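Remarks on the structure that follows.
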Protein chains: 2
Amino acid sequence: MSAAKPRYQELKDFIIAKISSGELQPADRVPSENELVESKRVSRMTANRALRELNDEGYVERVAGRGTFVSDYRSRSDLLEVQNIAEEIARRGNTHSSRVLRQSQQHARGEIAKALHVDQGTAIFHLLLVHFENNVPIQVEDRHVLASFAPDCLEQDFDVVTPSGYLTGIAPLQEAEQAVRAVMPNEAVRKYLEMDTGEACLVVIRRTWTKGRPVTFSRLHHPGSRYELTGHYTPPGSPRTPSSHVVQLEKLRQ
Amino acid sequence: MSAAKPRYQELKDFIIAKISSGELQPADRVPSENELVESKRVSRMTANRALRELNDEGYVERVAGRGTFVSDYRSRSDLLEVQNIAEEIARRGNTHSSRVLRQSQQHARGEIAKALHVDQGTAIFHLLLVHFENNVPIQVEDRHVLASFAPDCLEQDFDVVTPSGYLTGIAPLQEAEQAVRAVMPNEAVRKYLEMDTGEACLVVIRRTWTKGRPVTFSRLHHPGSRYELTGHYTPPGSPRTPSSHVVQLEKLRQ
DNA sequence: TAGTGGTCTAGACCACCTC
DNA sequence: AGGTGGTCTAGACCACTAG
């Protein structure tokens with residue numbers, strides 16, 4: 001019953017599982033190549049490939065002479081980074097809070113049903129909340145979740161955990177698709193975000209997949225004057241930039 | 001004077017050079033592992049690592065039993081993809097055109113000098129043009145380029161090649177950093193893009209690096225009603241999705 | 001049948017870090 | 001001095017593809 005899986009991949013899965021489960025925390029030491037050679041009965045080249053790829057993929061960081069260590073969570077997954085606004089705010093050293101405006105069950109209508117690949121009328125949960133950074137509103141989250149994916153969604157206290165945090169706790173998301181637009185907000189959104197009239201919104205429309213199925217469809221409105229999306233790109237094959245990976249555009253207030 | 005470069009890296013550079021120079025075209029066959037073993041006097045494991053990494057990085061595609069082949073250019077670099085609006089439009093099957101509004105030499109002032117890491121007064125080129133998709137204005141490109149990087153910038157005919165295409169022809173860009181914002185356009189931009197009053201702009205502010213130095217700083221305005229920025233993400237370590245790997249600018253007809 | 005990539009092994013040498 | 005990662009070698013077996 002061997003899964004016919006390459007041994008280096010088994011090693012990788014073994015380490016990733018320990019990280020995912022929390023058994024290995026960021027900065028914890030990962031078994032060295034030699035330790036894996038002994039415990040897993042593989043050659044050193046195989047252990048090396050496993051750890052090297054985990055390094056390339058950002059799961060761990062390796063230092064010759066010292067060892068292999070679990071990467072800091074934040075620098076690992078751009079996906080999660082982009083996902084959870086509470087973490088994003090915390091990373092800036094600010095305090096996050098939120099207000100739940102709606103938390104109800106609905107039936108999927110046209111656009112939502114289509115986006116989530118389900119039949120019309122399928123049970124879904126609808127969440128509407130405002131996120132604050134240092135008590136300044138910064139995002140209106142309008143989210144639709146497949147009810148079958150998150151059955152206890154209505155019992156959650158989203159003042160404590162963000163929907164994103166709750167959902168990734170159920171199962172890690174595997175894929176995300178998003179579109180970014182600039183639009184004028186409607187009156188309701190404008191008030192929630194305490195925006196001036198004539199101010200634009202940066203809107204992120206996002207779908208996330210778990211186990212190959214779309215489970216969430218959300219529309220995130222941000223005040224154009226207080227929010228921007230930043231990204232840093234290196235072409236494939238570049239060496240990983242260890243620290244200045246987070247270089248930010250300097251203040252460019254036009 | 002060996003550069004103390006690993007041999008697998010030398011192999012990679014060797015292949016990449018052939019691809020960059022055009023000696024190897026997309027779909028062309030790349031030397032096999034055994035051929036590299038002979039011609040480059042390396043072990044097969046070393047040749048394997050070089051080709052495998054080139055595969056992971058998207059330069060080539062490998063098929064067991066057949067060989068290794070140069071990837072289709074378009075699916076290779078997300079960075080370039082996101083860079084060149086003409087290619088984006090062409091990929092959608094539409095026709096690109098542009099109008100040059102300004103093409104002049106200036107001295108770097110405060111913000112620009114800071115963004116490009118040069119002293120005040122350093123010579124730079126300033127480009128301002130409008131890009132059209134099927135004769136509909138879709139982007140105002142306001143770009144500043146280090147003069148020392150592109151000395152013949154003023155002689156270029158940007159009706160034929162986009163600034164982006166011209167610049168990547170000089171040297172491949174290695175890094176990019178961008179911020180996305182939603183703002184209301186000023187009157188000039190609004191007219192260039194033929195936007196309604198009260199329509200928002202999606203603005204991309206981008207800096208690109210070559211050889212470790214920032215060489216370009218641009219501000220790209222798009223009409224919010226006709227443009228969106230889309231992205232598709234998979235967490236690190238996921239299998240490469242062959243086709244929908246692309247991150248592309250897409251037009252939106254809402 | 002010969003060639004390809006995919007994987008694995010059991011050694012090896014080195015630079016580096018920590019003790 | 002001993003452990004770590006970084007690299008490299010010279011073999012090997014396999015599944016797959018092609019002629």
Side-chain angles (χ1 to χ4, degrees), chain A residues 1-16 18-19 24 27-71 237-243, chain B residues 1-16 18-19 24 27-71 237-240 242:
Chain A
M1 288 300 141
S2 89
K5 202 193 295 182
R7 314 189 61 164
Y8 72 87
Q9 187 61 52
E10 284 186 358
L11 287 185
K12 288 174 66 177
D13 292 344
F14 172 73
I15 307 282
I16 289 176
K18 292 212 175 195
I19 296 175
L24 283 177
D28 277 0
R29 192 172 162 284
V30 168
S32 74
E33 297 184 1
N34 285 325
E35 287 164 355
L36 289 174
V37 166
E38 285 224 348
S39 66
K40 296 296 178 180
R41 300 286 158 177
V42 296
S43 76
R44 215 201 119 195
M45 276 301 278
T46 300
N48 173 269
R49 175 165 177 183
L51 292 180
R52 175 159 42 81
E53 292 193 358
L54 287 177
N55 178 68
D56 293 341
E57 292 158 11
Y59 285 99
V60 301
E61 284 168 23
R62 317 195 73 193
V63 186
R66 299 212 328 118
T68 301
F69 306 89
V70 177
S71 291
S238 303
R240 293 179 65 80
T241 50
S243 75
Chain B
M1 289 307 135
S2 88
K5 203 194 293 183
R7 313 189 61 162
Y8 72 86
Q9 188 60 53
E10 284 186 356
L11 287 184
K12 289 174 65 178
D13 292 344
F14 172 74
I15 307 283
I16 289 176
K18 290 211 176 196
I19 296 176
L24 283 176
D28 278 359
R29 192 172 161 286
V30 168
S32 74
E33 297 183 2
N34 285 326
E35 287 166 353
L36 289 173
V37 166
E38 285 225 347
S39 66
K40 297 296 178 179
R41 299 287 159 176
V42 295
S43 76
R44 215 200 119 197
M45 275 301 278
T46 300
N48 173 269
R49 176 166 177 183
L51 292 180
R52 173 159 44 80
E53 292 194 356
L54 288 176
N55 178 68
D56 293 341
E57 293 157 10
Y59 286 98
V60 302
E61 283 168 24
R62 317 195 74 192
V63 185
R66 297 204 337 111
T68 301
F69 306 89
V70 177
S71 291
S238 302
R240 292 177 65 79

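Model, not experiment: these values are computed from the prediction. Proteins get letters first, then strands, A, B, ... in listed order; numbering begins at 1 in each.
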### Message
Students often get this wrong, so: under 4.0 angstrom with heavy atoms, is Arg49(A) touching a base, only sugar-phosphate, or nothing?
### Response
sugar-phosphate
### Partner of Arg52(A) under side-chain hydrogen bond (donor to acceptor under 3.5 Å, both in side chains), chosen from Asn55(A), Asp56(A), Asn48(A)
Asn48(A)
### Message
If the condition is side chain to side chain contact (heavy atoms under 4.5 Å, CB included), which residues does Thr46(B) pass it with, not counting sequence neighbours?
### Response
Arg7(B), Tyr8(B), Leu11(B), Val42(B), Ser43(B)
### Task
Look at Lys40(A) together with Glu10(A) and state whether they make a salt bridge at an N to O cut-off of under 4.0 Å.
no
### Message
In whole Å, I'd like the distance from the CD atom of Glu53(A) to the P atom of dG5(D).
### Response
16 Å
I'd like a table of atom pairs between the protein and nucleotides 1-4 of chain D - only N or O on both sides, under 3.5 Å - with the distance next to each one.
unit_1, atom_1, unit_2, atom_2, d
dG3(D), N2, Gly65(A), O, 3.2
dT4(D), OP1, Arg29(A), NH2, 2.9
dT4(D), OP1, Ser32(A), OG, 3.3
dT4(D), O2, Gly65(A), N, 3.0

### Task
Assess whether atom CD of Glu38(A) is packed by more than 12 heavy atoms of other residues, nucleotides or ligands within 6.0 Å.
no
### Query
Of all residues at least two apart in sequence or in a different chain, which pass the side chain to side chain contact (heavy atoms under 4.5 Å, CB included) check with Glu35(B)?
Arg29(B), Pro31(B), Ser32(B)
### Message
Holding to side chain to side chain contact (heavy atoms under 4.5 Å, CB included), I want the full list of residues that pass it with Val30(B), two or more places apart in sequence or in another chain.
### Response
Ile15(B), Leu24(B), Leu51(B), Val60(B), Thr68(B), Val70(B)
### Task
With pairs defined as Watson-Crick or G-U wobble and both distances under 3.5 angstrom, please note down DNA chain D as a dot-bracket string, | for pairing with another strand.
||||||||||||||||||.
### Separation of Glu53(A) CD from Arg49(A) CZ (nearest 0.5 Å)
4.5 Å
### Message
Restricting to non-hydrogen atoms, name the atom on Gly58(A) and the atom on Ser71(A) that form the minimum distance, rounded to 0.1 Å.
### Response
O-OG, 2.9 Å
### Message
Students should find this one: the first and last nucleotides of DNA chain C, 5' to 3', lying under 4.0 Å from a heavy atom of chain B. What are they?
### Response
dG3(C) to dT9(C)
### Query
Taking it one step at a time, do Arg62(A) and Glu33(A) satisfy side chain to side chain contact (heavy atoms under 4.5 Å, CB included)?
CA-CA 11 Å; Arg62(A) 317 195 73 193; Glu33(A) 297 184 1; 2.8 Å; yes
#### Entry: Residues Lys18(A) and Asp28(A) bridged, charged N to O under 4.0 Å
no
### Query
Does Val42(A) or Pro31(B) map to a spot on DNA chain C nearer the 5' end, using the closest nucleotide for each?
Pro31(B)
